[in-house]
Amino acid sequence: MVSRKRSSNPNNNPFVPPINKLLKTTTTTTAAATASIDKLVSVLADAGCTLINAAATPPCLPSDIHNFRQRLHGIFSQHSSTRSLFLNGFSHYISSTNNFRRLLPITPFFIFFNMKLIRVLLPCHRDGFGTVRSESLVRLLLLVNSIQQDLLDILLEKLPEYFDTDPPVVGYGFSSSSRLDEDVVRLILNQFQWLDFLVNSEAFAEKLLQVLSICPHHLKKEMIGSLPEIIGDQNNKTVVSSLQQMLQEDSSIIVPVLDCFSNFNLDDLLQEQAITIALSCIRTIEIEHMPYLLRFLLLSAKPSNARRIISRIREQLICVGGSRTRTSQQSKLKGKSVVDNTEALILDALRSSLRFKNMLCLELLNELKSFDEARDHKVIDIWLLTLIYMNSDSLQKKVEKLFKKKILEGCIQDHMFDQCIHGINDLPKDFLSTFLSLSAYLLACKEQRAQEFGIHMYVCLFEEYCDAYLRQEVLGALLTHVGSGIFYEVSAALDAMVMLASVKSQELISLSAHITGILDYLEGFSVESLHKVYDVFIRLAVSAKSGSQPYGCSIANELLMILRKQAMQINNSDLMYKKMGLIGTLKIVSYIADTNNTSLPPLSQRSNYDEAVELLKISLDSCKQLPLSLILFYEELVSTLQSKTLHPTVMEWVGKQVGEFESIYLSDLDSGNLLVQDPSCGLEGELWMNLDGDISPICLNILPLVLPSFRSTSPLQVLPTKFVLLAVVERLANQGSLGGIDALLGCPIHLPSSKLFSEPCWRSLTAKQKQIAILSLYYAANWIRELLNTFSAQVAEGCDTISQATKEEIISKLLKRLRNLVFIECLLDNYLRQYTVHLPELYPHLEPSPFVELDCMGDLEKTSQRLKGSESISQHKKRNRGKSSTPSANSNTEEKLRQPTIVGIWRKAGAIPSQEALEENLSVMSSKTRLSESTRNQADDNCNIPQNIEISAPAKCLEAQNCKFRPLSVHCLSILACLELPLHLFLLRDLHKKLDYLSPTRRQILVRCPSVPAGFMGIKVNDFFGKIRPLFPFLRRNFDRAVHILGEGAETCQEHWKTQSSLAANMEIISTIISASPRLTSISVFEETLICFGKMLNLPDILNEKTLLSDFLWAFQPMEISGCFFQGMQLIPSPGNMDYLYCGAYIFLGGAFDVAINFSFTLASEVLLTLEFMVTSIRTFLNRAPCENGKDTCTGFNKEIVPLLCNKLGNYAKKLLMHKRDRDDIDGSLKTKGEMVQKILRIYLGNCQSTSDLLNELACSILPQVSASGTSVEDDNQTFPTLCPATMTVWYRVMHEENISTLNNLVKEIAVLEKPRAGAKVENVERLLNKILQSVIVIASLINMCRTNEKVSVRAMAVKYGGKFIDSFLKVFDFLQTQFQTHKDLILHLIKELQKATRTIQTLCSEAKGSKQTAITSKIPATKRSMERFLFHVKALLYTTPSGCSFWMGNLKHKDLMGQVVSSQAYLDDQNDDINDNPAEAIVEDQTMNVTTPQ
């Protein structure tokens, strides 16, 4: 019966529904049931608990609960019948729901259940106090040992009765099952949680899991989540197996199952089983549950299973950007919460799991490194790399390198990043900074593919983030690259700007105020970058002009005003700013005159085509006074014509300009002769190099145009560029054919008579006549260069409008013109050595020429005066050095206000020579010229010995002014296939210059002009190699010819050259023989081929293209590869593999080495350096892909090749150093080749089997044989002919540096050995100590050599490198202290040996101070500090480790290097006489330490 009495606590029951009638529950029980219930009540009463109260309140528990449980346990243990009746009574009692609820802790309120009013009673009270307890009677009974299991069974059997119970609450619209205190099942489960003990946990777990398998879905999730609190960790195996079976039936319970696994303390085996279960659900799980699954997997990862977990996640997780298409911008919700975005939640789960697990990040990086094929990579890889980059600052460099590597290998493509960015419904803003950092890194790389991907990332980020602030962040990052000053980074950033202006011009218009900041950097931009800058502004202006935005017109006007201001700089007198104006103007013309831009609105009141013509006229008029600006104008016009299809109106104007070419530069001929013979400035003219003979109707006028009548603007300076413009117009008009101007290829050139270049006539010429003659040859050489560029391009590109016969005729004439070019440049270099002339620039670079721009004739008087003035100024500076001058106030203010330029900074740094330095060099050259002239004037005039000019000799005078010449294009290299050695050498040197541009040295990077050379204009690196790929076999063929000539003697090269020179119409110069020596030509071809081979082999672009690399190596394969070459290797390379090709090329160069070593030390050295380049190339190539089982997984490259080739490289170096030659020849040649000997010795020491052993042998046995007098002990087995007094300093320095490097490597090995995981083995420790001892013996031997060598440079190096060695040695003192007890004798011996070196260094310092040898004294302070530190480290070592040794410091006798006491400082006391007086150790220090062992 349920009471209607209200609760005494109104707060617990604030509202009681009005009840008019209480429903009474009637229960029919049997007499046995009544008896068992009575027994239940009596037993509880005996224990102190009142079960049934008059007010139907919860049972009243005793105050001493522990005593209550003990009394019950005692009763049940003694009387089993009582226990049975008690359990019977409990089962019958709880059959009533009202009674059952009275035993559970619930909150009081009224409910209707089974249409009866049931009073939910208060929790149990203690006797006499009435305080509320949270403990229920059921929970207390469950803590009684003797009845726990039976009660658990009763309660579990009771659970299914309430599975379907869901009574509605009157007046409420929700189910009772949604409230814990109304659900009997939940109340029962609460009693099971956190029990102090379980009598039979296995049986309870088994029955609970049986009940769990049949419970409803909503209850199953709650019960699974409560399992760790109910069962504990005693039956984990059963629980895991049961949950696995349930998951197979219903995957929707994955979240509580994972939560259950996380709360269990599983052993390693069960944890692996749980991980396996979770991994199997990745594909079947619902996407909203994926974050929980990923978090469980990653947090459960250990080093043993991390790789497996990561691999499965990469393979099966496809919901993050992998299968989604790009979300339209209109569908995005502004301010959308990240919580609503499932993809964002997955990324957050990955990010939080990786944040504090560095092990996972490393395993993930290793996992990605192991894949080489593009098909193995997924979109998730980009996200994983991004998350690692965000979480771990220490791994950011590794992520950047790996990301770049994958991009270069083609494993990460542009479309993958598209899916990565556009596959997220609302990309979190947190990722923007990370993506910008990665994009910035890629954009700053030199590799073109990396830059392209970085550009794509910037564009995608700008498209994805619609917020104006975020887009401004992306744009600001790009502008940062623009201002970096690194030309390739600036170029890539501007490419990104151009792409954004193309695809997102309307969005950029609103941000145009930020883009105008680019104009601040224009002064440092290359021509290519300037094109891109103006391209961006023009695109934005046109888009704003044609757009529908209300503010578009004003922005368009503003942008057009900026463009016009930039274009108006064509009137600036400074060539740099004029260049900016010309480029901007021609860029505007290229847009408004393009016939494809039909929808372009007029930018002014006139039509766009008329506006374009007017801009061209203004530009041309502004450039007529300066040849360089006119050249730049024509160059830009040519570029515009080649890239755009201009309107006929514009083309008509261009045609008028090129129509003037014939009237200015060409003259008619009559039967191959000039119509008018008019001597120019007293110089007789003559037609040179007439390839067409008498049928030639025209000739090129050069000599008449060099005269002073054209002094204001020289038409010859613009001749090559204007010819290029003529050729472009001709090709556009005739479908690529140059048939209308092909007469220019074979027409003669009007130059000074060849008689004037004979030695007697040349000396009789005036200075002005010599200058005219030299300038005529200079202009003729550049004319031929442009002929070669123009017509070779037509042949290489394969024009369909010319026949095969015409093509062969053009090739024949090109070969003759190339021979003409070689002939003229040899003459030009010869006469420039005799008479210095400042050649005018014919190609515009970024910076104007450091020389004052001369006219076509020049002003000899002004030039000589300037040279004399520079000499007097330099002498005046020398006389007044140290004196300061007071500049005027105006000049001082101007200097302060002047902003330094990049070029000015380079000049201050010495990277670019200043104007004064250049003039000083020219003055020196002119003084040498005058000296040579005076010498020749004193010679016998009757001497008729002809002058011999060798074609293969380097043209040093031309090289000094090489930047002024018109460069040869890449198409000219195609002629390499048809050449003899002299002509092949000429183009090979040009290829060398182009490769220097692609792989410059450190100094060349600083000095080199950022502008792209004409030979590379418009050609990418990959296209360049594509053009020269067919030439690889011809490089090999001519190299073989050169080797054959060097090895077996000369061919008929000389006679062949004379014959072909006559056929090419080269002039015969009286008393001058221009010859091609087979020997010298072969030497030059040999050297240049090796240099080009080494440069191409180490270019990143050729290493990334495997087919190109294989073709290149295939061209240099030997006739056969002997199997003995691979002796000692376990895996022999297969023919055709990359490792086999590398070995073949190595064998080929080894054969060349055998030929060169018997012929020339220099040539053999070049071969050796090339072999070293090859080993470097192999290492670079192998770093691109991981290796498994000693073999590269992608290319089948055997890594055993590297040590094999290194060993052979060391043998080659040793062979070269020990090669027997004449003694005088060696001394005479090696004095100027110390750098080469140094490189060879480093190769020898770095590629031997043991560097320490070799250093020990050389320092103790070989090097002491050489004395200062120049004599050495000869020994057939050990003598190195390259080791002589002339190269003694080189050997000494290299051995010091290599010994210190060896010690530093030992320090790194010791650092690894001291790590806890490494485990220091006794044999490893002893090996390292012996290696350190060898280094100490080497340094002691090298320093003690100063006793017999009096060279100041040698002693200075001993002091310098001795201090550095001690600094490195001090890093191992902790290791010595740790190992002192085990290896005491070895460590003491090591310290005593080093003490010998420190004593010698101390004496060297003392003598240097006395004799004031500044070369040594400048290095003393640092060395002294190092020796003091060494002294106190030894003292600390011996005092902290019980060694039985004594240590003291004291003053020794002052002795010199030979051990003689210095009398001026002899000590008076005899107490130190017993100190070691061995001359080998008798070195006095202010504080000297001695270590002795007591007897």
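Along the sequence shown, residues carry numbers from 1.
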Counting only N and O atoms by type, is there a donor-acceptor contact under 3.5 Å from the side chain of S1110 to the main-chain atoms of T1107? yes

For residues N820 and R817, is any side-chain donor paired with an opposing acceptor at under 3.5 Å? yes

Check step by step if side chain to side chain contact (heavy atoms under 4.5 Å, CB included) holds for L669 and L687. CA-CA 10 Å; L669 296 180; L687 295 180; 3.8 Å; yes

Report the residue from I951, I949, T1081, N948 that forms a side-chain contact (heavy atoms from CB on, under 4.5 Å) with S1075. N948

For the pair E959 and K993, find out whether any cationic side-chain nitrogen is under 4.0 Å from an anionic carboxylate oxygen. yes

Report the distance from atom NE2 of H838 to atom OG1 of T836, rounding to the nearest 0.5 Å. 7.5 Å

OG1 of T1162 to CD of E1087: how many Å apart, nearest 0.5 Å? 7.0 Å

Under 3.5 Å donor-acceptor, S753 side chain and L756 backbone: no

Do F1116 and L1149 make a side-chain contact, defined as non-hydrogen atoms from C-beta onward lying under 4.5 Å apart? no

If you compare all heavy atoms of Y779 against all heavy atoms of P840, which two are closest, and at what distance to 0.1 Å? OH-CG, 3.2 Å

Report yes if some heavy atom in the side chain of L744 is under 4.5 Å from a heavy atom in the side chain of L700; otherwise report no. no

Give a yes or no answer on whether the side chain of K813 reaches the backbone of L745 with a donor-acceptor pair at less than 3.5 Å. no

Roughly how far, to the nearest 0.5 Å, is the CG atom of L832 from the CG atom of L839? 5.5 Å

Value for CG (L1035) from CD1 (I1028), rounded to nearest 0.5 Å, stands at 7.5 Å

Does the W688 side chain pair with the main chain of P752, one donor and one acceptor, at a distance under 3.5 Å? yes

Does R966 reach the main-chain N or O of I784 with its side chain, forming a donor-acceptor pair under 3.5 Å? no

Heavy-atom pair of closest approach, residues N782 and P720: CB-CG, 4.2 Å

Could you tell me whether the side chain of I810 reaches within less than 4.5 Å of the side chain of D742, counting heavy atoms only? no

Sorted by chain and residue number, the side chain to side chain contact (heavy atoms under 4.5 Å, CB included) partners of A1164 (sequence neighbours excluded) come out as F1153, A1156, I1157, L1216

Mind running side chain to side chain contact (heavy atoms under 4.5 Å, CB included) on F823 and I1069 for me, showing each step along the way? CA-CA 11 Å; F823 176 80; I1069 309 298; 4.2 Å; yes

Mind checking whether Y778 and F965 have parallel, tilted or perpendicular rings, split at 30° and 60°? perpendicular

Side chain to side chain, I1074 and N830, heavy atoms closer than 4.5 Å: no

Residue pair F1039, F1148: steps toward the ring-ring contact (aromatic ring centres under 6.0 Å, His included) verdict: CA-CA 11 Å; F1039 183 77; F1148 173 77; 5.7 Å; yes

Could you tell me whether the side chains of T1089 and N1038 share a donor-acceptor contact shorter than 3.5 Å? no

Start with the C-alpha distance between L703 and I772, add both sets of side-chain angles, then the distance that settles side chain to side chain contact (heavy atoms under 4.5 Å, CB included), and finish with yes or no. CA-CA 8 Å; L703 178 60; I772 291 175; 3.8 Å; yes

Does the side chain of Q834 reach to within under 4.5 Å of the side chain of W762, using non-hydrogen atoms? yes

OH (Y843) and CD (E635) are apart, to the nearest 0.5 Å, by 6.0 Å

Could you walk me through whether V822 and R819 pass the side chain to side chain contact (heavy atoms under 4.5 Å, CB included) check? CA-CA 5 Å; V822 174; R819 199 177 300 273; 5.8 Å; no

Are R1037 and H984 close enough that some pair of their side-chain heavy atoms sits under 4.5 Å apart? no

Shortest non-hydrogen contact between L1080 and E950, atoms and distance: CD1-CG, 3.8 Å

Using modelled atom types and a 3.5 Å cut-off, is there a donor and acceptor pairing between side-chain atoms of E1088 and backbone atoms of L985? no

Between atom CD1 of I1045 and atom CZ of R1079, what is the distance when rounded to the nearest 0.5 Å? 12.0 Å

Provide the closest heavy-atom pair for N690 versus G746 in the form atom of the first, atom of the second, distance. OD1-O, 3.6 Å

Contact summary for S776 and L751, nearest pair of heavy atoms: O-CD2, 3.5 Å

Salt bridge present between E686 and K755 (N-O < 4.0 angstrom): no

Taking P715's backbone N and O only, do any of them form a donor-acceptor pair with Y665's side chain (distance below 3.5 Å, no angle check)? yes

Test E636 against every option in V527, L641, I631 by the side-chain contact (heavy atoms from CB on, under 4.5 Å) rule and name the one that passes. V527

List the atom of G685, the atom of H750, and the distance in Å for their closest heavy-atom pair. CA-NE2, 3.6 Å

Check: F1093 ring centroid to F1112 ring centroid under 6.0 Å: yes

Determine whether L1097 and I1102 make a side-chain contact, defined as any pair of heavy atoms from C-beta on separated by less than 4.5 Å. no

Whether over 12 other heavy atoms sit under 6.0 Å from E1068 CD: no

For C957, does its backbone N or O pair with a side-chain atom of R833 as donor and acceptor, under 3.5 Å? no

L637 side chain near V728 side chain, heavy-atom distance below 4.5 Å: no

Counting N and O atoms only, with roles assigned by atom type, does the side chain of Q961 sit under 3.5 Å from a partner on the main chain of V837, one being a donor and the other an acceptor? yes

Show your reasoning for whether salt bridge (Lys or Arg N to Asp or Glu O under 4.0 Å) applies to K722 and E660. CA-CA 10 Å; K722 207 160 187 180; E660 301 174 356; 3.8 Å; yes

Side chain of E759, backbone of T1072: donor and acceptor closer than 3.5 Å? no

